There are 2 protein chains.
Amino acid sequence: MPETQPIRLDTQLCFQIYTANKKFNKFYQDALKPFNLTYPQYIALLTLWENAPMSVKKIGKHLHLDSGTLTPLLKRLESHGWITRTRSPQDERTVIIQLTDKALEQRDTVYDRVNSCQDLLQLSNEQIEDCTTALTMLDEHLDSYNNADK
Amino acid sequence: MPETQPIRLDTQLCFQIYTANKKFNKFYQDALKPFNLTYPQYIALLTLWENAPMSVKKIGKHLHLDSGTLTPLLKRLESHGWITRTRSPQDERTVIIQLTDKALEQRDTVYDRVNSCQDLLQLSNEQIEDCTTALTMLDEHLDSYNNADK
DNA sequence: AGTTAGATAATCGACTACAATTTAATCGTT
DNA sequence: AACGATTAAATTGTAGTCGATTATCTAACT
């Protein structure tokens with residue numbers, strides 16, 4: 001007769017990730033308050049600062065988000081003056097996201113703010129390295145499962 | 001003249017956590033499909049299977065969620081027959097959450113299902129240990145920052 | 001040319017998540 | 001007993017996330 005393993009919430013990896021994610025959210029919400037940006041908006045800007053102009057599709061590939069999430073998020077960024085949204089003349093299906101002057105001007109200020117806040121976390125390079133190693137491994141295992149059924 | 005450190009998205013701990021959280025969500029969504037449960041609903045049941053009966057407040061302490069999230073979530077669990085919600089006679093402010101017979105009967109089936117899905121992740125005990133260690137450390141650092149301003 | 005298969009965004013509905021406020025009940029102190 | 005402070009839950013408003021569907025467009029094929 002097989003024994004059912006009880007599941008203790010506080011020993012579950014998923015719950016540690018779930019909790020850490022919310023804490024990071026709060027951390028960045030505080031750090032980004034001067035710019036009135038949420039964490040998802042911030043990572044959208046991060047990838048745009050690296051790669052703009054980008055299509056919605058391409059942003060989604062970088063952030064693992066679909067248009068159902070990105071369309072309203074990008075509209076908010078547009079209404080706050082960070083980006084512009086224009087349809088490509090070559091292919092009317094794709095929407096091209098461009099950074100505004102405001103976004104280009106504010107880039108280093110945002111970088112500095114986030115970097116200085118991260119310093120307050122007091123993580124050594126070695127500690128960050130350990131986390132990255134563990135999370136990369138976990139990520140691969142989650143991927144191989146999630147893609148197994150395709 | 002200080003140099004502004006550029007921020008590469010894919011090297012950021014926060015983004016690894018953000019991504020892993022979404023992948024875990026998908027993982028559990030698949031695993032829990034037979035029970036028509038979401039991940040947040042599942043962890044609410046987990047803590048109830050350990051500690052029921054519980055007040056909404058106490059559940060919130062365990063899961064780090066407030067009543068704005070829990071009230072509608074618990075109403076959904078109630079409407080699907082997993083729990084009951086009754087006001088305490090001793091203190092009319094608090095709502096007592098109890099598990100239904102269905103929840104008690106299904107417990108081991110859910111445990112078995114989740115445990116067998118977790119086996120498919122192919123994580124060794126050592127790998128899980130490494131993740132837990134890293135995440136616990138990260139959690140403490142996030143806590144000390146998030147509670148600093150109080 | 002006309003049709004169709006595939007791609008791209010947008011839209012909609014359901015569920016979280018949290019800040020801020022509201023309502024009701026309880027407690028403490030006078 | 002009465003009033004002010006505290007607490008618990010619910011409510012409201014804003015934002016994220018995803019699944020499923022829809023509308024439009026492109027490209028390829030007949």
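Lettering of chains follows the sequences in order, A, B, ..., and the numbering in each one begins at 1. Quick caveat: nothing in here was measured; it's all calculated off a predicted structure.
- Checking D/dA9, C/dA17, C/dA10 against every side-chain atom of A/Lys22, the shortest atom distance belongs to C/dA17.
- Contact check of residues 69-83 of chain B against DNA chain C (heavy atom, cut-off under 4.0 Å) returns B/Thr69, B/Leu73, B/Arg76.
- There is a path of hydrophobic side-chain contacts, each under 4.5 Å, that joins B/Leu142 to B/Leu135.
- Taking the six-membered ring for Trp and thresholds of 30 and 60 degrees, B/Tyr39 and A/Tyr18 have ring planes more than 60 degrees apart, a perpendicular arrangement.
- Each of A/His64 and A/Glu92 lies near DNA chain D, and the nucleotide nearest A/His64 is the one positioned closer to the 5' end.
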With the criterion being N/O to N/O and under 3.5 Å, what pairs connect the protein with nucleotides 1-5 of chain D, and how long is each?
none

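- In this structure, A/Ile128 CD1 and B/Met137 CE are separated by 8.5 Å, a value rounded to the nearest 0.5 Å.
- Note on B/Asp66: a base of the nucleic acid sits closer than 4.0 angstrom, heavy atoms only.
- When each of A/Asn25 and B/Lys58 is assigned the nucleotide of DNA chain D with its nearest heavy atom, B/Lys58 is the one assigned upstream, toward the 5' end.
- Listed by residue number, the members of residues 35-43 of chain A with any heavy atom below 4.0 angstrom from DNA chain D are A/Thr38, A/Pro40, A/Gln41.
- Proximity of A/Tyr18 to the phosphate of C/dA17: a side-chain N or O atom is located under 4.0 Å from OP1 or OP2.
- Applying the 3.5 Å distance criterion, the base of D/dT7 shares a donor-acceptor pair with the side chain of B/Arg93.
- In the set D/dT26, D/dA8, D/dC18, D/dC18 carries the atom at the smallest distance from any side-chain atom of A/Leu65.
- For B/Ser67, the side-chain atoms get nearest to D/dA9 when compared with the rest of D/dA9, D/dT17, C/dA9.
- At C/dA10, one or more side-chain N or O atoms of A/Arg85 fall inside 4.0 Å of OP1 or OP2 (strictly under the cut-off).
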